[in-house]
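Lettering of chains follows the sequences in order, A, B, ..., and the numbering in each one begins at 1. Values below: every heavy atom of this structure, side chains too, minus hydrogens, waters and symmetry copies.
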2 protein chains.
Amino acid sequence: MGMGRPREFDAETALDRAMEVFWRHGYEGATIAQLTEAMAINPPSLYACFGNKEGLLKAALDRYTKLRGVWMDEVVAAPTARDVAERMLMGIADKQTDPANPPGCLLVQGGIACGTGSENVPFELATRRAQNEDQLRDRFVRAKAEGDLKPTSDPAALARYVSAVSVGMGVMASSGADREALRQVASVAVQAVEAQSGS
Amino acid sequence: MGMGRPREFDAETALDRAMEVFWRHGYEGATIAQLTEAMAINPPSLYACFGNKEGLLKAALDRYTKLRGVWMDEVVAAPTARDVAERMLMGIADKQTDPANPPGCLLVQGGIACGTGSENVPFELATRRAQNEDQLRDRFVRAKAEGDLKPTSDPAALARYVSAVSVGMGVMASSGADREALRQVASVAVQAVEAQSGS
DNA sequence: CCACATTTGTAGCGACCACTACATATCTGG
DNA sequence: CCAGATATGTAGTGGTCGCTACAAATGTGG
């Protein structure tokens with residue numbers, strides 16, 4: 001018995017193309033026709049490989065968070081809570097205005113509000129954003145233990161705050177805000193973390 | 001010559017219903033069938049009154065920003081820049097988790113990413129968000145002139161920052177964050193404004 | 001070279017979308 | 001009571017959506 005005809009496209013590069021379409025148009029705004037054209041394949045290949053449109057989104061989200069995870073590891077490696085916040089928010093200011101990528105963040109842009117039948121897409125996005133926040137919280141817990149943050153500070157609240165600012169910057173970027181505007185926001189935002197630093 | 005049959009529904013209450021549908025499902029996620037059912041009218045009445053789907057959205061956005069404008073006037077009436085920020089962000093924490101309304105903010109929830117053919121919907125939302133930011137900036141300019149903010153502070157950057165945090169909170173709320181979580185974010189965010197206070 | 005497994009491209013499926021033609025109903029001005 | 005004007009409800013329109021049946025193409029094991 002044979003092993004069948006091998007696929008003629010590379011799944012990872014196809015995912016990268018799909019990721020960009022979701023990133024730019026959102027989940028419901030992206031059509032199968034756009035996706036297959038960007039991926040340079042035909043619908044049956046898409047469905048054989050990813051199941052359906054939502055499966056393709058999940059695969060794209062996984063790839064996105066995996067790539068961002070590498071960067072987040074560098075972020076939380078900063079020496080102090082303040083530096084973590086600065087590195088993250090300034091990095092976001094740069095990344096979300098990088099013309100190499102669609103503006104904003106896929107985890108926001110992908111689709112906040114969805115129509116009936118796609119209710120769990122926002123949930124998928126929120127879950128992945130929460131992972132980021134957890135990583136940040138763990139880092140701030142450590143900062144508090146090390147005396148880098150005040151004993152009265154709330155690491156979870158700080159993490160939520162930095163995460164919220166990130167999301168806000170993502171929406172700004174998708175609305176056309178330039179890098180300087182985002183850096184201003186990041187710069188001010190860091191001051192709140194700074195206010196919780198020292199003993 | 002007669003003046004024709006009078007309309008049997010109240011346009012404002014119908015608009016309120018439509019606003020809620022857009023708020024909950026986004027622009028593209030909201031269908032004409034859902035809208036007409038919520039408004040308790042039939043499609044021809046909708047099109048005769050609002051032109052088309054996008055016209056209905058604009059009317060809903062105008063009504064939304066008008067209602068919020070009243071509240072924003074109270075916000076910028078706070079005595080100091082810090083109090084403006086606190087009143088605004090804490091107010092948002094409450095409003096965006098009020099079960100009487102859909103979670104989040106219509107100007108974000110309405111639709112960040114849209115499909116081909118609706119590209120100007122995100123623009124409409126961003127424009128109305130910018131109006132809010134302008135109002136905030138004017139207030140911070142005054143605060144700086146009054147010595148309430150440091151001479152080195154940047155009112156425009158502060159306004160952008162508060163606006164960005166608001167948007168971030170809106171996305172959090174639409175993802176199911178509770179009031180306490182939003183208040184924590186607001187509380188931390190105010191500290192950055194506080195860092196620019198005094199001389 | 002053959003039987004089998006899998007992919008690929010074409011072509012089109014039913015469902016739903018925003019939107020509207022049309023006949024009917026309900027008003028005002030004369 | 002009548003003529004003109006506008007609103008309403010029914011019942012669709014063409015177009016696009018996500019998705020798939022099917023046959024041809026391309027691989028492997030015997």
Side-chain angles (χ1 to χ4, degrees), chain A residues 1-15 17-19 21-22 24-61 110-111 113-121 124, chain B residues 1-15 17-19 21-22 24-61 110-111 113-121 124:
Chain A
M1 43 179 173
M3 287 175 58
R5 176 175 176 176
R7 84 161 46 104
E8 296 180 357
F9 65 94
D10 179 53
E12 266 199 345
T13 50
L15 248 187
R17 311 279 191 183
M19 188 174 73
V21 175
F22 282 130
R24 200 173 294 279
H25 297 97
Y27 176 70
E28 296 201 318
T31 67
I32 297 291
Q34 284 176 321
L35 289 164
T36 52
E37 186 184 350
M39 300 165 85
I41 60 176
N42 292 315
S45 300
L46 191 159
Y47 285 88
C49 191
F50 301 102
N52 55 14
K53 189 182 179 184
E54 190 172 331
L56 177 61
L57 175 74
K58 287 184 186 174
L61 290 179
C114 275
T116 316
S118 309
E119 291 91 350
N120 52 337
V121 168
E124 290 284 339
Chain B
M1 43 180 173
M3 286 175 59
R5 176 176 176 175
R7 81 162 49 103
E8 296 182 358
F9 64 95
D10 178 53
E12 266 198 347
T13 51
L15 208 51
R17 311 280 190 182
M19 188 173 73
V21 175
F22 282 131
R24 198 174 296 278
H25 300 287
Y27 176 70
E28 296 202 320
T31 69
I32 297 291
Q34 284 176 321
L35 290 164
T36 52
E37 186 183 351
M39 299 166 85
I41 60 176
N42 291 316
S45 299
L46 191 160
Y47 285 89
C49 191
F50 301 102
N52 56 15
K53 189 182 179 184
E54 190 173 331
L56 177 60
L57 175 74
K58 287 184 185 174
L61 290 179
C114 274
T116 315
S118 309
E119 292 90 350
N120 53 338
V121 168
E124 288 286 339

Open item on the list: With no hydrogens and no angle check, just 3.5 Å: does a side-chain donor-acceptor pair link A:Ser45 and A:Glu8?
Closed with: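 Short answer, no.
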Nearest heavy atoms of [X] and [Y], plus distance in Å:
X       : Y       : answer
A:Ala38 : A:Val21 : CB-CG2, 3.6 Å
B:Phe50 : B:Ala11 : CZ-O, 4.4 Å
B:Gln34 : B:Ala30 : OE1-CA, 3.6 Å
A:Gly29 : B:Glu28 : CA-OE1, 3.7 Å

TODO: State whether B:Ser45 places a side-chain N or O below 4.0 Å from either non-bridging phosphate oxygen (OP1 or OP2) of D:dA7.
DONE: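 B:Ser45 to D:dA7 OP1/OP2: no side-chain N or O under 4.0 Å.
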Task: N/O (side chain, B:Tyr47) to phosphate O (OP1/OP2, C:dC19) under 4.0 Å - done: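 Yes, because at least one side-chain N or O of B:Tyr47 sits under 4.0 Å from OP1 or OP2 of C:dC19.
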Listed nucleotide nearest any side-chain atom of [X], set [options]:
X       : options                : value
A:Ile32 : D:dC19, C:dC19, D:dT20 : D:dC19
A:Glu8  : D:dC19, D:dT10, C:dT8  : C:dT8
B:Lys53 : D:dG29, C:dC19, C:dA21 : C:dC19

Expressed in angstrom and rounded to an integer, what is the separation of [X] atom [atom1] from [N] atom [atom2]?
X       : N      : atom1 : atom2 : value
B:Met3  : D:dA3  : CE    : C1'   : 16 Å
A:Glu54 : D:dC19 : CD    : C1'   : 14 Å
B:Phe22 : C:dA18 : CZ    : C1'   : 12 Å
B:Ile41 : C:dC19 : CD1   : P     : 14 Å
A:Glu37 : D:dC17 : CD    : P     : 12 Å
A:Asn42 : D:dA23 : CG    : P     : 18 Å
A:Asp10 : C:dT7  : CG    : P     : 15 Å
B:Leu35 : C:dA18 : CG    : P     : 8 Å

Task: Whichever of A:Thr31 and B:Arg7 has its nearest DNA chain D nucleotide further upstream toward 5' - done: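 Comparing both residues, the 5'-ward one is B:Arg7.
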- [ ] Assign each of B:Pro43 and B:Arg5 to its nearest nucleotide of DNA chain D by heavy atoms, then name whichever residue's nucleotide is nearer the 5' end.
- [x]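 Of the two residues, B:Arg5 wins.
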Task: Closest-nucleotide 5' rank along DNA chain C - winner of B:Gly51 and A:Phe9 - done: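 This one resolves to A:Phe9.
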- [ ] For B:Gly4 and for B:Ala33, locate the closest nucleotide of DNA chain C by heavy-atom distance; then report the residue assigned to the nucleotide nearer the 5' terminus.
- [x]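 It is B:Ala33, whose closest nucleotide lies nearer the 5' terminus.
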Open item on the list: Does A:Pro6 reach a base, just sugar-phosphate, or nothing at all? Heavy atoms under 4.0 Å.
Closed with: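 Result for A:Pro6 = sugar-phosphate.
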